[in-house]
Peer 1: 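Just passing along the structure, written as structure tokens.
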Number of protein chains: 2
Amino acid sequence: MEIAVAIFEQVTALDAVGPYEVLQRLPGAQVRFVGHRKGEVRTDNGFLGLMVDCTFGEVTAPDIVLIPGGIGTRALVHDGVILDWIRRAHETSRFTTSVCTGSLLLAAAGLLKGQKATTHFSARPMLLKYGAVPTEERIVQEGKIITAAGVSSGIDMALHLAEQLTDVTTAQALQLMIEYDPQPPHDAGALHKVDASVLLRVQELARDKS
Amino acid sequence: MEIAVAIFEQVTALDAVGPYEVLQRLPGAQVRFVGHRKGEVRTDNGFLGLMVDCTFGEVTAPDIVLIPGGIGTRALVHDGVILDWIRRAHETSRFTTSVCTGSLLLAAAGLLKGQKATTHFSARPMLLKYGAVPTEERIVQEGKIITAAGVSSGIDMALHLAEQLTDVTTAQALQLMIEYDPQPPHDAGALHKVDASVLLRVQELARDKS
């Protein structure tokens, strides 16, 4: 089973690495990190280099397509190479998936027209602009397309996907292998769970980094 | 604030990338991926290449030390270069942290003698061998040393750490930025939560990959 994870300049690392860490443990899984050209791409803040091992032209019919997000998606919604690759890979994929603002690329490729989909909470208006119907759900599955909300949601998405590819016991085994027994110190991981002071701090932190 | 994440051959990617994705958003954070030599290292299964940007010799006094785990730690418990680096960096660090079997390296460096610590559930006996007192907790803090359990626990650990470095509002903002509102499909992320069939599948999957 070939799993293609697209990576690009200014990708958000956890969007890609969260699901990868689940899916790479599936029996027979071969994970390929694909991109425009082989070699290093840097994450959104530039702090981490990830290696593209295969070009889009080399991985044309993966079983699973995974599109992570990141600030880099804002340029890629106009990039014919990645959008064509997504459209063609989707024709034969078993599942086509995204994490965070990766769904903007699925939408820009025309895959989400009139369909329910999710993304990072800050990007819902953009998803709407591309003709999708944004929801506040953490995971949205419409046929073989699965979109996940912001960054860390890719882990949950990958566990759902793994169960559809195998069985409940295997999905639970994968969850145990990564000891995914979440214990966040606060219940602050969704927009409707925080107060205005937290939102203000998000804006300050985002400005600090851009 | 300098955050040094040690990476090495056969590192588990999510151990490093989970906490990185939280901590890189801290005000003033500079994250350095450090290793024996600059250039690419491959994750435990070989599927992903991560870039070492700085050698251990170039990052001698980071504020935060983060040691991820992975099958590669089994060789490194005998590697004087990384163990010396951990010992020296720990002398001046604000916090010295590990995820998963990264705690085996803290222990091999002599930092955990007689101290409570945690690791991946499968590695508790090894942690005991190095003189630490393994627990089943997800996060263990002893003074300025924080150890986290398997793989995904690094995200929880980083949120705890972020709060100690800043304040509750900032930690909640970081949690929201990565939309960490976990919704795993099953409650199977800890050893005591699964039945024997899941454990058997873990063994089969691990064998399949080794």
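Below, read A as the first sequence line, B as the second, and so on, with proteins coming before strands; counting in each chain starts at 1.
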Peer 1: Between A:Arg32 and chain B, with a heavy-atom cut-off of 4.5 Å, which part of the residue counts as in contact: side chain, backbone, both or neither?
Peer 2: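 Interface part for A:Arg32: neither.
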Peer 1: Select one option (side chain, backbone, both, neither) describing which atoms of A:Glu40 are under 4.5 Å from chain B's heavy atoms.
Peer 2: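 When you check distances to chain B, only side chain atoms of A:Glu40 fall under 4.5 Å.
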Peer 1: Checking heavy atoms, do the side chain of B:Ile139, its backbone, both or neither come under 4.5 Å from chain A?
Peer 2: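 For B:Ile139, neither part sits under 4.5 Å from chain A.
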Peer 1: Could you tell me if A:Thr169 and B:Arg201 have a donor-acceptor pair between their side chains, going purely by distance under 3.5 Å?
Peer 2: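 The answer is no; no qualifying pair exists.
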Peer 1: Which one of A:Leu191, A:Ile178, A:Leu200 has the most heavy-atom pairs closer than 4.5 Å to chain B?
Peer 2: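 Option with the top pair count is A:Ile178.
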Peer 1: Any side-chain heavy atom of B:Phe56 sitting closer than 4.5 Å to one from B:His36?
Peer 2: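 With C-beta onward as the side chain, the pair touches.
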Peer 1: Say whether B:Tyr130 and B:Ser103, considering side chains only, have a donor N or O and an acceptor N or O under 3.5 Å apart.
Peer 2: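 The answer is no; no qualifying pair exists.
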Peer 1: Roughly how far, to the nearest 0.5 Å, is OG1 of A:Thr97 from CG of A:Leu23?
Peer 2: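 One gets 7.5 Å once the value is rounded to the nearest 0.5 Å.
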Peer 1: May I ask you to decide whether A:Asp63 forms a salt bridge with A:Arg94, counting only side-chain N to carboxylate O separations under 4.0 Å?
Peer 2: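 Answer for the salt bridge query: no.
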Peer 1: Considering only heavy atoms, which portion of B:Glu21 lies under 4.5 Å from any heavy atom of chain A: side chain, backbone, both, or neither?
Peer 2: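 Looking at B:Glu21, just its side chain touches chain A.
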Peer 1: I need the minimum non-hydrogen distance between B:Tyr180 and A:Ser152, along with the two atoms involved.
Peer 2: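 Answer, listing the atom of B:Tyr180 first, then A:Ser152: CA-OG, 3.2 Å.
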Peer 1: Please state whether the side chain, the backbone, both or neither of B:Val194 comes within less than 4.5 Å of a heavy atom of chain A.
Peer 2: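 The side chain, not the backbone.
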Peer 1: Among residues 155-164 of chain A, which ones touch chain B with a heavy-atom distance under 4.5 Å?
Peer 2: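 So far as heavy atoms go, A:Ile155, A:Asp156, A:Leu159, A:His160, A:Glu163 are the residues that approach chain B to under 4.5 Å.
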Peer 1: To the nearest 0.5 angstrom, please state how far the NE2 atom of B:His120 sits from the CG atom of B:Leu104.
Peer 2: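 If I round to the nearest 0.5 Å, the distance is 11.5 Å.
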Peer 1: Any carboxylate oxygen within less than 4.0 angstrom of a Lys/Arg side-chain nitrogen, looking at B:Arg138 and A:Glu179?
Peer 2: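 No, this pair does not count.
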Peer 1: Any chance the side chains of B:His90 and B:Thr96 put a donor and an acceptor closer than 3.5 Å?
Peer 2: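 The criterion, which ignores hydrogens and geometry beyond distance, is satisfied for B:Thr96 and B:His90.
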Peer 1: Is chain B contacted by the side chain of A:Ser122, its backbone, both, or neither, given a heavy-atom distance below 4.5 Å?
Peer 2: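 Neither part.
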Peer 1: Specify the closest pair of heavy atoms between A:Thr135 and A:Glu137, including all atoms of both residues, with the distance to one decimal.
Peer 2: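 It is OG1-N, 3.1 Å.
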Peer 1: Can you say whether A:Asp44 sits under 4.5 Å from chain B via the side chain, the backbone, both, or neither, judging by heavy atoms?
Peer 2: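 Side chain of A:Asp44 only, per the 4.5 Å heavy-atom cut-off to chain B.
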Peer 1: I need the residue from B:Ile7, B:Asp15, B:Leu50, B:Asp53 with the largest number of non-hydrogen atom pairs under 4.5 Å to chain A.
Peer 2: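 Counting heavy-atom pairs under 4.5 Å, the top option is B:Asp53.
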